[in-house]
Amino acid sequence: AQSVTQPDIHITVSEGASLELRCNYSYGATPYLFWYVQSPGQGLQLLLKYFSGDTLVQGIKGFEAEFKRSQSSFNLRKPSVHWSDAAEYFCAVGRSGGYQKVTFGTGTKLQVIP
Amino acid sequence: ETGVTQTPRHLVMGMTNKKSLKCEQHLGHNAMYWYKQSAKKPLELMFVYNFKEQTENNSVPSRFSPECPNSSHLFLHLHTLQPEDSALYLCASSPERGSQETQYFGPGTRLLVL
């Protein structure tokens with residue numbers, strides 16, 4: 001079965017600084033990879049996803065992620081963080097080929113300070 | 001606003017009570033999901049419905065009973081719950097059932113079992 005690890009439980013960045021959230025997955029073939037964001041009191045919202053092709057994926061709200069097969073990683077980045085980006089971020093992985101459930105990581109909570 | 005609504009948003013119940021959670025999606029999707037979100041744990045997939053038929057039950061205790069009368073509505077009936085069942089219960093939908101599908105989440109029901 002696939003698995004996903006988000007090593008950072010909590011990250012604090014200053015507004016305007018760059019951001020990178022780490023995600024590592026375990027799956028033998030090419031996975032489907034997702035980043036979701038959950039703002040306080042809200043459900044999860046898709047930021048971006050990777051299935052195949054260009055390994056650098058652009059998402060909403062200025063986020064991007066890069067799929068690195070050699071490192072089994074799919075890190076999320078943003079060049080300049082805004083206070084409204086404070087939320088919890090979840091990486092998820094799905095198996096290709098037929099239906100398989102999507103597995104979510106434990107999340108990384110982002111705090112943005114002025 | 002994701003097009004997925006959940007009621008109630010908050011629920012406090014005793015261990016002997018019976019209550020129901022409701023989820024409605026206005027997106028014309030065919031697949032619906034129940035997840036349990038507990039602090040510091042990955043999202044736990046509980047049930048999956050596809051075209052009103054239950055296609056997955058991830059070893060969920062029988063005190064949780066799902067119902068999907070049509071593709072737009074999903075219920076979770078709760079009976080004799082335990083304090084460890086306290087969590088945020090998220091409903092999601094997707095166009096089809098598939099690991100490549102984007103899931104659209106509701107805001108969740110925050111459940112407290114006393």
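Just so it is clear: chains get the letters A, B, ... in the order the sequence lines come, proteins before strands, and each one is counted from 1. Below, each value reflects all heavy atoms present in this structure, side chains not excepted, and no hydrogens, waters or symmetry copies.
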Notebook entry, point to check: With the 4.5 Å side-chain cut-off for hydrophobic clustering, are A:Leu110 and A:Leu47 part of the same group?
Noted result: yes

Note to self: Would you say the ring centers of A:Phe90 and A:Tyr36 fall short of 6.0 Å from each other?
What the structure shows: no

Check: Quick one: what part of A:Leu44 sits under 4.5 Å from any heavy atom of chain B, side chain, backbone, both or neither?
Finding: both

Item checked: Part of A:Gln38 within contact of chain B (heavy atom distance under 4.5 Å) -> side chain

Checklist line | Whether A:Phe63 and A:Tyr89 hold their rings parallel, tilted or perpendicular, with breakpoints at 30° and 60° | finding: tilted

Check: Do the rings of B:Tyr35 and A:Phe104 sit parallel, tilted or perpendicular, given the 30° and 60° boundaries?
Finding: perpendicular

Next item on the list: Using a strict 4.0 Å threshold on nitrogen-to-oxygen distance, state whether B:Arg63 and B:Asp85 make a salt bridge.
Entry: yes

Next item on the list: Indicate yes or no: does A:Lys61 engage A:Asp85 in a salt bridge with an N to O separation below 4.0 Å.
Entry: no

Please look at [X] and chain A and tell me whether the side chain, the backbone, both or neither of the residue comes under 4.5 angstrom of a heavy atom of that chain.
X: B:Leu90; answer: side chain
X: B:Arg9; answer: side chain
X: B:Asn58; answer: side chain
X: B:Gln37; answer: side chain

Notebook entry, point to check: What option among B:Gln103, B:Lys41, B:Lys40, B:Glu44 has the most heavy-atom pairs under 4.5 Å with chain A?
Noted result: B:Gln103

